[in-house]
Amino acid sequence: MKKNYNNKIKDILSKELLVPDYYQASNIIKENFKKNKKNIFFLCSYTFEMIEQFIIVESFKKDMNLNIKFSEYNQFEKYIFDNKSLIYKKNNDLIILSIRIDEILPEFNYEFGSYNKAQISKKRILIINYFKKLLSKIRNHTNATILLHNFVYPKFIEKNLTDHQNDNGQINFINSLNKELAILIKSYIGIYIFDINYYIYQYGENNVYDNKLYYYASIPFKANFLKFLSKKYSDYFSSIFLGRKKCLIIDLDNTIWGGIIGEDGINGIKLGDSYPGNVYLDIQKTIKQISQNGILLAINSKNNYFDIEQVFKNHPNMALKMDDFSSIKINWSEKHDNMMEISKELRIDPNSFVFIDDSLIEIEKINITLPNIETIHFSTSAIEENLNKISNCSYFNSINITDEDRKKTIQYKDQKTRLLLKNNINSLKKYYFNLNLNIKIMKSNDYLIPRISQLTLKTNQFNLTTKRYTESDILKYTKKKNYYVYCLEVKDKIGDYGITGVIIGYKDKSKLIIDTFLLSCRIIGRGIENAFLSQFLKAALDKDVKKIIGEYFPTKKNDLVKNFYKDCGFKKNKGYWELNSKKLIKFPQWIKINIDNKI
């Protein structure tokens with residue numbers, strides 16, 4: 001977070017807090033920031049309130065202001081099965097369900113070894129059916145996103161040395177339950193697993209539990225683990241409410257290989273199977289994996305282009321290839337100037353960038369000139385820490401990777417091909433006809449909801465209202481009879497742009513109100529926006545609708561569309577844009593339309 005705050009807030013954000021500091025820090029945040037809060041409700045079978053102070057602070061660091069409530073000790077059933085409970089009355093954005101195996105299967109820790117295979121199978125079925133009942137009840141009564149804790153391995157294993165060899169042991173029982181929970185949630189929209197079992201392993205089980213506090217007050221976890229866990233929660237919350245960064249930009253020397261290519265030469269840089277080259281190789285593999293999950297890669301390096309090209313072409317251990325990068329700036333220009341060129345080329349706002357460099361000077365320059373770019377400093381000595389930094393980087397976390405994400409790099413390569421075609425045709429209209437543009441308009445469904453939500457969370461430039469919606473929000477609107485939730489898929493002769501547009505509208509008596517209208521920046525300027533709006537109105541209008549109401553809420557990033565409704569024939573009226581329902585939006589001749597037959 002890089003904003004102007006008072007000194008107390010800056011102090012909170014600028015340092016790693018000790019456990020005792022969190023209580024005061026969370027109170028400062030609560031006192032100074034009382035608006036725009038996300039409401040989160042914990043339903044737990046144990047005492048978990050101590051984590052609130054940690055979550056408040058760690059989430060605030062990521063631009064999220066939270067209001068957190070907890071069920072009373074082991075009263076989660078009362079809240080779930082009472083139709084008038086707070087989780088259904090309050091405007092909760094997120095519900096977290098955490099039930100320990102001890103509470104629903106008390107004999108698990110000390111009597112489980114006496115069960116035979118049939119009894120264990122019966123217990124597993126009962127537990128999964130129980131959770132199906134809980135989740136169905138919550139989902140049927142609220143559209144809030146749900147995080148479900150999975151089960152954790154027991155602290156004490158009855159048959160310590162043989163349990164891992166036994167299909168019917170405690171460890172395999174937990175594994176089977178967690179596998180079935182992961183299958184179960186796929187039946188719902190907006191329900192996800194919070195993998196607390198893995199986080200306990202990651203932190204180290206011996207550092208997690210506080211036995212005295214557990215027996216005294218049913219508080220199972222140590223404070224330091226709660227601090228660690230709160231950072232994991234904030235990762236999930238950020239993915240759900242904010243979306244993720246779009247582009248990873250890297251330096252090269254002492255970043256993805258050891259040494260300086262201009263001084264050490266291709267045979268002198270460290271990259272390969274032996275230390276430290278094997279660390280740099282794994283860094284490259286990790287970056288490549290990030291790219292395969294839908295994050296664009298770019299290079300911003302002060303170097304001679306020919307030297308770098310030779311490394312990518314001829315070094316036998318390069319995991320990354322030039323084709324993996326959607327933008328390449330290898331020159332002697334200032335890196336902040338290159339950043340703006342990358343932004344212009346990819347049509348992505350710099351606040352969606354993450355930049356890695358081994359030079360503290362370059363990092364500091366970016367922090368000063370482009371403070372909304374997140375930066376990661378790579379050490380030239382503790383290179384193993386560099387691997388940890390990129391492996392555990394939370395900027396690119398996503399709670400749901402879509403098919404569109406996996407196509408991202410290919411789509412940007414196609415964009416370069418289109419640019420070459422455009423430069424060879426002297427008429428813009430001829431270029432549009434030459435592209436053979438095809439659009440398909442589809443009504444929201446379970447498959448499309450994740451992508452629709454994703455677009456609302458991350459689209460800024462062509463976004464008339466910039467309203468952010470979770471998958472649960474989109475599900476809610478999809479179910480409402482007076483709402484129309486459509487998305488747009490675009491293709492041309494060069495390639496598939498993917499699902500790149502969303503319109504959400506609703507009927508209010510004789511008015512059709514456009515709540516959300518957005519397009520990916522990759523498809524702006526070819527008349528697609530007019531075609532989409534035209535077909536949306538044809539699908540949504542009926543004889544009762546007399547006026548279409550469009551809203552434009554200005555932000556720092558959507559100035560591009562301030563005149564869109566005006567250009568489409570809408571008239572300004574008391575802060576809104578109105579169009580008579582009998583008027584038509586002109587449909588561009590060069591676009592072919594394919595309308596989902598379910599609309």
Side-chain angles (χ1 to χ4, degrees), residues 15-23 42 44-58 70 73-74 96-113 127 147-179 181-182 193-236 282 382 384-394 397:
K15 64 181 182 181
E16 181 72 18
L17 299 179
L18 300 175
V19 165
D21 299 327
Y22 274 83
Y23 180 75
F42 278 85
C44 303
S45 64
Y46 54 94
T47 306
F48 204 35
E49 283 85 340
M50 275 179 60
I51 200 167
E52 179 187 5
Q53 57 188 321
F54 300 103
I55 294 179
I56 293 287
V57 174
E58 293 302 330
F70 295 84
Y73 167 70
N74 208 17
I96 298 171
L97 182 59
S98 179
I99 304 172
R100 287 161 55 86
I101 191 72
D102 315 52
E103 274 77 28
I104 56 174
L105 191 64
E107 65 270 30
F108 178 72
N109 282 328
Y110 301 106
E111 301 172 22
F112 192 81
I127 290 171
L147 283 186
L148 173 64
H149 279 214
N150 60 6
F151 292 110
V152 304
Y153 294 142
K155 290 185 290 181
F156 311 108
I157 298 175
E158 283 187 78
K159 300 175 180 178
N160 198 291
L161 297 180
T162 62
D163 189 86
H164 297 275
Q165 279 70 247
N166 186 355
D167 287 344
N168 300 321
Q170 291 169 288
I171 296 297
N172 279 322
F173 183 70
I174 293 296
N175 287 338
S176 65
L177 281 177
N178 287 341
K179 183 178 179 181
L181 284 179
I193 295 292
F194 183 81
D195 195 355
I196 190 171
N197 192 40
Y198 173 71
Y199 297 138
I200 289 173
Y201 156 78
Q202 193 178 36
Y203 195 74
E205 186 183 287
N206 291 336
N207 303 313
V208 168
Y209 296 108
D210 190 321
N211 290 331
K212 183 176 181 180
L213 266 179
Y214 176 68
Y215 286 111
Y216 183 75
S218 296
I219 300 172
F221 304 125
K222 292 180 179 179
N224 276 312
F225 176 64
L226 295 180
K227 174 185 171 182
F228 168 82
L229 200 62
S230 69
K231 295 178 180 181
K232 302 302 180 183
Y233 276 121
S234 71
D235 289 346
Y236 274 77
D282 278 355
E384 300 83 3
E385 286 304 308
N386 297 341
L387 180 58
N388 288 335
K389 286 177 183 179
I390 190 66
S391 298
N392 297 317
C393 175
S394 63
N397 286 344

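- Applying the salt bridge (charged side-chain N to carboxylate O under 4.0 Å, His left out) rule to pairs touching residues 195-218 yields nothing, sequence neighbours excluded.
- Under the 30°/60° scheme for interplanar angles, the aromatic rings of Tyr201 and Tyr198 are found to be tilted.
- For Phe194 and Tyr233, the ring centers sit closer than 6.0 Å to each other.
- Interatomic distance, CD1 of Ile55 versus CG of Leu229, reported as 7.5 Å (0.5 Å rounding).
- Between Phe173 and Phe108 the shortest side-chain heavy-atom distance falls below 4.5 Å.
- The closest side-chain heavy-atom distance from Leu226 to Tyr22 is not below 4.5 Å.
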### Task
Please report the C-alpha distance between Tyr214 and Tyr209 in whole Å, then the side-chain angles of each, then the deciding distance to 0.1 Å, and finally whether the ring-ring contact (aromatic ring centres under 6.0 Å, His included) criterion is met.
CA-CA 8 Å; Tyr214 176 68; Tyr209 296 108; 8.4 Å; no
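- Ser230 contributes atom OG, which lies 12.0 Å from atom CD of Glu52 (distance to the nearest 0.5 angstrom).
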### Query
Taking it one step at a time, do Tyr203 and Asn224 satisfy side-chain contact (heavy atoms from CB on, under 4.5 Å)?
CA-CA 10 Å; Tyr203 195 74; Asn224 276 312; 3.3 Å; yes
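- Applying the salt bridge (Lys or Arg N to Asp or Glu O under 4.0 Å) criterion to Lys232, with sequence neighbours excluded, gives no partner residue.
- The only option from Thr47, Ile51, Ile196, Asn207 that meets the side chain to side chain contact (heavy atoms under 4.5 Å, CB included) definition with Phe221 turns out to be Ile196.
- Residues satisfying the side-chain hydrogen bond (donor to acceptor under 3.5 Å, both in side chains) criterion with Glu49, sequence neighbours excluded, are absent altogether.
- You'll find the side chain of Ile96 stays beyond 4.5 Å of the side chain of Phe70, heavy atoms only.
- Using a distance-only test at 3.5 Å, with no hydrogens or angles considered, a donor-acceptor pair links the side chain of Asp21 to the main chain of Leu18.
- Taking CG from Asn386 and CG from Asp282, the interatomic distance works out to 12.5 Å, rounded to the nearest 0.5 Å.
- Distance check: Asn150 CG to Asn178 CG gives 4.0 Å after rounding to the nearest 0.5 Å.
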List the atom pairs, donor and acceptor, that lie under 3.5 Å between side-chain atoms in residues 97-107 and the rest of the protein, sequence neighbours left out.
{"from": "Ser98", "atom 1": "OG", "to": "Tyr46", "atom 2": "OH", "distance (Å)": "2.7"}
{"from": "Ser98", "atom 1": "OG", "to": "His149", "atom 2": "ND1", "distance (Å)": "2.9"}
{"from": "Asp102", "atom 1": "OD2", "to": "Asn109", "atom 2": "ND2", "distance (Å)": "2.7"}
{"from": "Glu103", "atom 1": "OE1", "to": "Ser45", "atom 2": "OG", "distance (Å)": "3.2"}
{"from": "Glu107", "atom 1": "OE2", "to": "Tyr115", "atom 2": "OH", "distance (Å)": "2.7"}
{"from": "Glu107", "atom 1": "OE2", "to": "Lys123", "atom 2": "NZ", "distance (Å)": "3.1"}

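- Taking 4.5 Å as the limit, some side-chain heavy atom of Ile171 sits within range of a side-chain heavy atom of Tyr153.
- Sorted by first then second residue, the salt bridge (charged side-chain N to carboxylate O under 4.0 Å, His left out) pairs that include residues 161-173, not counting sequence neighbours, number zero.
- When every heavy atom of Lys222 is checked against every heavy atom of Asn206, the shortest pair comes out as NZ-O, 3.7 Å.
- Remark: Glu16 engages Lys227, Lys231 in a side-chain hydrogen bond (donor to acceptor under 3.5 Å, both in side chains) (not counting sequence neighbours).
- Using a 4.5 Å heavy-atom threshold, the side chains of Leu181 and Ile193 count as touching.
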### Task
Give the intermediate values and the outcome of side-chain contact (heavy atoms from CB on, under 4.5 Å) for residues Asn197 and Phe151.
CA-CA 6 Å; Asn197 192 40; Phe151 292 110; over 6 Å; no
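- In this structure, Met50 and Ala223 approach most closely via the heavy-atom pair CE-CB, 4.4 Å.
- Under the 3.5 Å distance criterion, with hydrogens and angles disregarded, no donor-acceptor pair is assigned to the side chains of Tyr236 and Asn397.
- The shortest side-chain heavy-atom distance between Phe225 and Ile200 falls under the 4.5 Å cut-off.
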### Task
Starting from the C-alpha separation in whole Å, work towards a yes-or-no answer on side-chain contact (heavy atoms from CB on, under 4.5 Å) for Phe54 and Val19.
CA-CA 8 Å; Phe54 300 103; Val19 165; 3.9 Å; yes
